[in-house]
Amino acid sequence: MVPLEPWQKVYIRLTGNQTGYKDIDPIHATVGCSGCHGGIDEVVALSQSLEHRTNAMEIAHTDLIHDPSENPESTCGVCHPVHSANSQFSMHTSLWGEKYKVAMRAFGSESLDIHPDIQAKFSNECASCHTTCGQCHVSRPNSVHGGFINRHKFQRIPDIKNNCVACHGSRIGVDFFGYNDGEGLIGNLPDVHLTKGQNCLTCHTENFHGDGTEEANPPLSRYAVNGIPSCSDFGCHGDISSSNIYHVNHWPGNSNDRDLSCFVCHSQKYNNCNSCHTAGEWKENYQAVIGESNVNTGNGNYREFPEFRIAFNPAYETPGGWSPSLELHSNSKWVLVRHSPVVRDTYEPWNSGLSDLPNFNSIETWEYTSPHNIRLWTDRTDTTGTQNCFDNCHTGGMNLPGNGNKYFLWDTFVDSVSTSIDPSLNEIIVNSHITADGHVTP
Amino acid sequence: MKLKNYLLKSLFIFFLIIIYNNCEKIPAVQNEKPLSLIFTCENCHTNELVLKQLAKVEEPTASGGG
């Protein structure tokens, strides 16, 4: 997403007969600018010269609070106490899943609290875009350098492109919008839910502000957030477990050892990342990643690459499974996995003794995923021109995953990806419990 | 016939007025507002010209992030 020009970010455009901000958002205007942002309400410049006006501006901005909602209790919370109190512990603000994984890979612990230095660096960098009231309801988030969405009018419902996808862009955004004008994965179509006029909030009805339970029971994964959507919510996709032969044979929970998650058949290829590194005080000095690659070519040190890989679900019939955070989806033996951008020296720039994550092997690097690029017809389900219904997936015979080399996560494939990044990485160890080698015969 | 023409013209003007009232008005030409020596938040932040001049000096208000 292209950042706005500096002046655009803070411009409140008046239209028609509007004379001030009170005509745009009369409720919030009663608080007054300095009521939230501090600074000095009125300053007189000595003359019209640029120098004097610049001085006046700097005086007006004395002790300016750019984002008052960083301390919501004294700002938003005055009128919105419940949302404000709960949101401090919500997934969006606390970033529980990321924090859990950093803690596990660094210390083998579920909490970063045992290491205040790492906790502080996590807060300064990783948590800098996760998030404040204002970054969803007023401005674009920090990750795209801010800027008013609609003239500082508070939006009850965040904007999909300017808010949701501004943060969830490299994977969810790339998935959801398909290939368009050089953006996205070549060959991918937009998610069918988008083409039907739906958006993020159509399905994601969970309480983004948190429901008040997170402080006591932090969700250690996005998949553990209360109210996370499923395909059958709202009756959208009810009981279709026997609506066709593929569903009969592969519906999750059929306990026939062939249970597939919906995504295995109905997702398109998706973006994967590798070798991301922290950059220190990201919050203040965010820049494009040097060597960042094009997703369709996958070159460069920091790599993005399209893939589609089926792996054994570590939570299959054992909620929690290998990953304690993975509590749900235990009825699908086979799920899709996406490479997480982590490598052993991801946090080395923090200079905190994490140059080689001691517990790197505690969580797989190919992680459970739910690509947001659903289509009815995909490379698996579209049998047009094939001899029979098995040609796409069972070319080696009915009981063998003949297209295994194409779709399954084999040890050899894991090794080829990790070796291409760093020959010493050896990601087979950390992923061997989910690769197809131990669960099917090639 | 004459009455019919008047009626048609009246209807036409009536709809023009309705359309005009429902259209977003042309933005006020902030650039041409006289520059004031008094700096209030709204004086500057609703004035495109002033922001363009001063934003070159002032860094973006939003900090960076991931």
Side-chain angles (χ1 to χ4, degrees), chain A residues 3-21 32-34 37 39-48 50 52-54 56-61 64 66-67 125-126 128-130 135 139-147 151-152 167 282-287, chain B:
Chain A
L4 298 171
E5 291 293 323
W7 69 269
Q8 288 176 311
K9 294 178 182 178
V10 293
Y11 180 39
I12 299 172
R13 185 173 63 94
L14 301 178
T15 61
N17 296 323
Q18 291 174 341
T19 59
Y21 180 61
C33 306
S34 60
H37 288 281
I40 298 172
D41 272 327
E42 189 171 304
V43 177
V44 180
L46 294 176
S47 77
Q48 290 288 7
L50 182 61
H52 284 151
R53 285 188 290 130
T54 302
M57 178 195 71
E58 286 173 351
I59 292 169
H61 285 180
L64 182 73
H66 288 155
D67 186 351
E125 181 160 358
C126 307
S128 63
C129 65
H130 279 262
Q135 289 181 51
S139 296
R140 291 177 170 194
N142 284 351
S143 58
V144 290
H145 307 263
R151 306 175 296 162
H152 204 290
C167 285
W282 199 358
K283 186 174 184 178
E284 299 298 333
N285 298 309
Y286 174 80
Q287 298 292 333
Chain B
M1 190 65 185
K2 210 170 184 179
L3 184 63
K4 189 181 171 188
N5 281 341
Y6 279 131
L7 273 173
L8 283 174
K9 279 181 186 169
S10 302
L11 270 175
F12 180 70
I13 291 168
F14 175 72
F15 281 116
L16 272 184
I17 291 170
I18 286 185
I19 290 168
Y20 174 77
N21 278 331
N22 281 289
C23 282
E24 184 174 317
K25 301 296 188 296
I26 298 168
V29 186
Q30 304 295 336
N31 294 358
E32 295 178 3
K33 278 201 312 192
L35 294 175
S36 169
L37 289 181
I38 299 172
F39 267 55
T40 67
C41 309
E42 288 199 31
N43 275 357
C44 291
H45 284 269
T46 59
N47 192 319
E48 182 179 335
L49 179 64
V50 167
L51 287 179
K52 281 180 175 171
Q53 286 178 333
L54 298 184
K56 291 173 186 170
V57 180
E58 166 87 325
E59 286 298 307
T61 54
S63 55

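Just so you know, these numbers come straight off a predicted model, no measurement behind them. Letters go in sequence order (proteins before strands), and every chain restarts at 1. Side chains included, hydrogens not; waters and symmetry mates left out as well; all remaining heavy atoms used.
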What are the two closest non-hydrogen atoms of [X] and [Y], and how far apart are they?
X: A/Q48; Y: B/L37; result: N-CD2, 3.7 Å
X: A/Y11; Y: B/L51; result: CA-CD1, 3.5 Å
X: A/R53; Y: B/V50; result: NH1-CG2, 4.4 Å

Side chain, backbone, both or neither of B/C44 within contact of chain A (heavy atoms, under 4.5 Å):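 Contact with chain A: none, neither part.
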Distance check, rounded to the nearest 0.5 Å: [X] atom [atom1] versus [Y] atom [atom2]?
X: A/H52; Y: B/F39; atom1: NE2; atom2: CZ; result: 11.5 Å
X: A/Q8; Y: B/E48; atom1: CD; atom2: CD; result: 8.5 Å
X: B/N43; Y: A/E42; atom1: CG; atom2: CD; result: 8.0 Å

query: Is a donor on one side and an acceptor on the other found under 3.5 Å between the side chain of B/Q53 and the backbone of A/L50?
result: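 It does not hold such a pair.
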message: Please classify the contact between A/A56 and chain B as side chain, backbone, both or neither, with a heavy-atom cut-off of under 4.5 Å.
response: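 Both parts, backbone and side chain.
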field: Sub-4.5 Å side-chain heavy-atom contact between A/D41 and B/T40
entry: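 When only atoms from C-beta onward are counted, B/T40 and A/D41 do not touch, as no gap falls below 4.5 Å.
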